Structures are given as structure tokens and as C-alpha cells.
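What follows is one structure encoded as C-alpha cells, with my remarks underneath.
Given the structure is predicted, the values throughout are model-derived calculations rather than measurements.
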Amino acid sequence: MSPGTRKVAVVGVALSDCGRVDTATPYTLHAQAARRALADSGLDKGVIDGLASAGLGTLAPLEVGEYLGLRPTWVDSTGVGGSTWEVMTAHAADAIAAGHANAVLLVYGSTARADLKAGRRRANLSFGTRGPTQFEVPYGHTLVAKYAMAARRHMHQYGTTLEQFADVAVQTRANAAHNPLAMYRDPITVDDVLGGPMIADPFTALHCCIRSDGGCAVLLAAEEYVADTAKPPVWVLGAGTAVSHTTMSEWADFTVSPAAVSGRLAFERAGVTPQDIEVAELYDAFTYMTLVTLEDLGFCAKGEGGAFVAGGRLLTGGELPVNTDGGGLSACHPGMRGLFLLVEAVRQLRGEAEAGRQVRKDDGRLPRLAVASGTGGWFCSSGTVVLGRD
């Protein structure tokens, strides 16, 4: 088998302890997730020759690799926010296909909630005051405010309503109700969302992701390792990445995210269309993200996202199940959540989710195709990965 022709599979996935984790360090969560993903794969630690890590340590992924006892010959520390992990998956899949690595571990862990509770960090996320952002920082333009502005533009341009955004949160919470690991499982209504405390107009608290602790890991491997794995493989069929802007003044259209590019590339490379997808795991730091990403991935036309999400379409039993674990709005959001999207997509394709959360076709079949699409910054970057099972 010549380099460049190898298929790439997800052979192991796992979560660390998630939710409220007051006594662990981020390194502990990295190690928990890595050990569990390796156990899930059934492979030996010695097969891992690649490591992808971001967000921890001065020299990530060197420090994480040392903590895990790994000496990789291929590394990636790309940092593009929440989409980091989909971008890293694209890099790792290319490296494995080319023969530059055989098995790559992607691993993440964060104690964002516990750090805030203990006073080790502030509530507001700052991207610094140097470079292009220096021209926005003096005006107090926070990350949530940037998304709020974009949401208002979508409402003005297409007539999207606050009730439609709120419905995204309601359906995501309904999915979380079937996930025993989700932080928030109690049902909510559109009125609950609209009546909550204002965070950044038009977003009330329930339009925004929760803050949690947690980590997860994904192990990718070349096809020749699949015969020795504990579970059936989930194949990486195609991936695409794209970046857009840093400053709001350079964002050409507030209603279009870079997922419009990364999604098109991923679907083309996988040889599928959005209509073929049976499960979608999308970054949802805010309800607006879900709606616009659905548009940009091609599940509906631009401006039709509000109507598209209606009628329970996003529920696990709906026409297009989205964020089946409860997403960042209800399940967990410890920071760069993109890796969690891949874990949930794989579990759905394997049929490992709990009753009520597991997606099945009308005839009882498991889904065969899923997409995970991560977003970084304020729609600054996007990575989209199409996954499929035999």
C-alpha cells in the first residue's frame, strides 16, 4: 500500500469527567480522556506516533505529550478556537494518508468553570490588545457582542425572529434530556429563553453556551490497524477548512460564516451532499451559530434557517438531528468544544448513544453519514469533517 492511498478511521473516542469537576487539573482531564479513548480503540499505546493538542501549556503539545508519556514524531498545535479540532483532524488525516504518521491522538481538557469559580481566571475572554484587535478593544466589543451584532443583522436582512433562535435552544435542551452526562437536562420553553437575563442584545442567557469543565479525545489510525480495533471503524471521508476575518470591519457579510467554504470542500471531498447527511454535530456557543451553520453547510438556503429549525427538525427523532448530546448550550462547553462534536458523531454512527438520544431511521437502521463542523472565534474560522461507517 503506497503512501497517500491509505484510508483513515476514527478508532477510539472518549470523554473525560465533564460538567462540574472541581478537583482535577486540565492535565488530569487530558490523561483521563486519552486513556479512555485508547481503551475504546483496543489498541496499544505504542501505536501512537502523532499528537494534536492546543490550549494548554507554554509549548503545547510538548507538555501534554510529556504528561501522557508520548514521544510523537508528528505533532500539531494549530490554534483557531473552537474549530481547532476539525482543522487538526484534516491535518492528521492527510498525514496518515501520506504515511507521515500511523495513529494520531487528538486530546483536550479544560477546567474553565472550576478556574472561574476558584478565581483563577476572569469571566470575560480577552484575545489581547495587540494587532488588528487593538482597534476594537477600546470599545468593549466582547465576543458575545460580536455574535449578537451578527444575529441582529440576520434578523434585519432575512426577517429571522428571536423565537426562531430560541427554538434552537429549546430543541437542544430536549436532546440533552436523554444524555445522563449533560449539565442541564430540565425542559425549557421559548418563553423561558426570551424571558431570561440579557447578556448581549438580542441574546439572553439561554441563547448562550454554558460554562463547564471537561475534556475528550479522538484516536485516528490508518486502515491497516482497523483489524485489531475493539469496535467497527468510522471513516474520515472528507474534510475542509477555511478562515475569514479577525476584525469585524473585515467581515464582508455578518450572515455568512466560513463554514460556507469548509462545508463545500468537505462534502466535495467526501463525495456526498448535505442531503445525504443523517446526523449533524455543530458548534453552538450561541443559538445564532447553529442556525447560520445549517445555512452555510447547505441544509437550507441562506436566510431560511429560521424556518428550517422549526417543527422539531433538530431533535434526535427529527428530520435532521443536530447536537444530539445537548451541545454547548446544554451538555458541556469547557472552551474549544470542537472535539466533542467528533466524539458524539462517532458514537451516533456506532449506535452507542442512550435510548432516546440514539438516532435511528424509520426502519430502525443506524445512521451511516454524519458531519461535524466547528467554529472558531467570532465566525473567524471553520473546520468541517464528514464521517461515515461501513
Task: Short side-chain to backbone donor-acceptor contact, Glu281 and Ala372, under 3.5 Å - done: no

Task: Test item: side-chain donor near acceptor, Thr273 and Asp276, under 3.5 Å - done: yes

TODO: Give a yes or no on whether a salt bridge exists between Asp115 and Arg211, defined as a side-chain N under 4.0 angstrom from a carboxylate O.
DONE: no

Open item on the list: A side-chain contact here means heavy atoms from C-beta on lying under 4.5 Å apart; do Leu68 and Leu105 qualify?
Closed with: yes

Task: Chi angles and distances behind the side chain to side chain donor-acceptor pair (under 3.5 Å) call for Thr172, Ser330 - done: CA-CA 7 Å; Thr172 306; Ser330 289; over 6 Å; no

TODO: Would you check, one step at a time, whether the test ring pair (Phe, Tyr, Trp, His ring centres under 6.0 Å) holds for His333 with Tyr283?
DONE: CA-CA 10 Å; His333 198 299; Tyr283 210 98; 5.5 Å; yes

Open item on the list: Under a 4.0 Å threshold between the charged nitrogen and the carboxylate oxygen, would Asp363 count as salt-bridged to Lys361?
Closed with: no

Task: Inter-residue atom distance Arg173.CZ - Asn323.CG, 0.5 Å rounding - done: 13.5 Å

TODO: Any chance you could measure Ser41, atom OG, to Leu220, atom CG, to the nearest 0.5 Å?
DONE: 11.0 Å

Open item on the list: So Val226 and Lys7, do their side chains get closer than 4.5 Å, heavy atoms only?
Closed with: no

Would you list the atom pairs, donor with acceptor, under 3.5 Å between side chains in residues 179-190 and any protein atom, with sequence neighbours excluded?
residue	atom	partner	partner atom	Å
Asn179	OD1	Leu181	N	3.0
Asn179	ND2	Asp325	O	2.9
Arg185	NE	Ala177	O	3.3
Arg185	NE	Asn179	O	3.3
Arg185	NH2	Ala177	O	2.8
Thr189	OG1	Asp191	N	3.4
Thr189	OG1	Asp192	N	3.1
Thr189	OG1	Asp192	OD2	3.2

Open item on the list: Under the rule for side chain to side chain donor-acceptor pair (under 3.5 Å), what residues qualify as partners of His178, not counting sequence neighbours?
Closed with: none

Open item on the list: Working to the nearest 0.5 angstrom, can you tell me the gap between Leu349 CG and Leu366 CG?
Closed with: 8.5 Å

TODO: Would you kindly say whether Thr287 and Thr290 are connected by a side-chain donor-acceptor distance under 3.5 Å?
DONE: no

Task: From Ser110 atom OG to Asp213 atom CG, the distance as rounded to the nearest 0.5 Å - done: 7.0 Å

Open item on the list: How long is the straight-line distance from CG of Asn102 back to CD1 of Ile96, given to the nearest 0.5 Å?
Closed with: 7.5 Å

- [ ] Could you tell me whether the side chain of Ser381 and the main chain of Val80 form a donor-acceptor pair under 3.5 Å?
- [x] yes

Open item on the list: By the side chain to side chain donor-acceptor pair (under 3.5 Å) test, which pairs, at least two apart or in different chains, include something from residues 338-351?
Closed with: Asp40-Arg350, Thr324-Glu344, Thr324-Gln348, Glu344-Gln348, Glu344-Arg357, Gln348-Gln358, Arg350-Glu352

Task: Heavy-atom side-chain contact between Leu342 and Val13 under 4.5 Å - done: no

Open item on the list: With a 4.5 Å cut-off on side-chain heavy atoms, are Arg337 and Asp284 touching?
Closed with: yes

Open item on the list: Quick check: do Tyr225 and Val47 have side-chain heavy atoms less than 4.5 Å from each other?
Closed with: yes

Task: Beyond-backbone contact of Arg152 with Pro202, side-chain heavy atoms, under 4.5 angstrom - done: yes

Open item on the list: Looking at Ala103, is its backbone amide N or carbonyl O close enough to the side chain of Asp49 to form a donor-acceptor pair, meaning the two atoms are under 3.5 Å apart?
Closed with: yes

Open item on the list: Is the shortest side-chain heavy-atom distance between Pro334 and Phe340 below 4.5 Å?
Closed with: yes

Task: Pair Arg6 + Glu223, salt bridge at N-O below 4.0 Å - done: no

Task: Ring centroid separation Phe379 to Phe254 under 6.0 Å - done: no

For residues 298-308, dump all side-chain donor-acceptor pairs below 3.5 Å to protein atoms at least two apart in sequence or in another chain.
residue	atom	partner	partner atom	Å
Lys302	NZ	Thr255	O	2.5
Lys302	NZ	Glu295	OE1	2.9
Lys302	NZ	Asp296	OD1	2.7

- [ ] Taking the six-membered ring for Trp and the single ring otherwise, decide whether the centroids of Phe203 and Phe286 are under 6.0 Å apart.
- [x] yes

Task: Euclidean distance, Trp85 CH2 relative to Cys216 SG, rounded to 0.5 Å - done: 7.5 Å

Task: Aromatic contact, His30 with Tyr67 (centres under 6.0 Å) - done: no

Task: Note, Leu265 side chain near Thr384 side chain (heavy atom, < 4.5 Å) - done: no

Open item on the list: Is there a side-chain contact (heavy atoms from CB on, under 4.5 Å) between Leu297 and Ser373? Walk through the geometry before answering.
Closed with: CA-CA 9 Å; Leu297 291 180; Ser373 190; 4.0 Å; yes

Task: Residue pairs fulfilling salt bridge (charged side-chain N to carboxylate O under 4.0 Å, His left out) with at least one residue in residues 248-264, sequence neighbours excluded - done: Arg264-Glu268

Side-chain atoms of residues 54-66: list all donor-acceptor pairs with protein atoms under 3.5 Å, sequence neighbours left out, distances to 0.1 Å.
residue	atom	partner	partner atom	Å
Glu63	OE1	Tyr27	OH	2.8
Glu63	OE2	Thr58	N	2.9
Glu63	OE2	Leu59	N	3.4

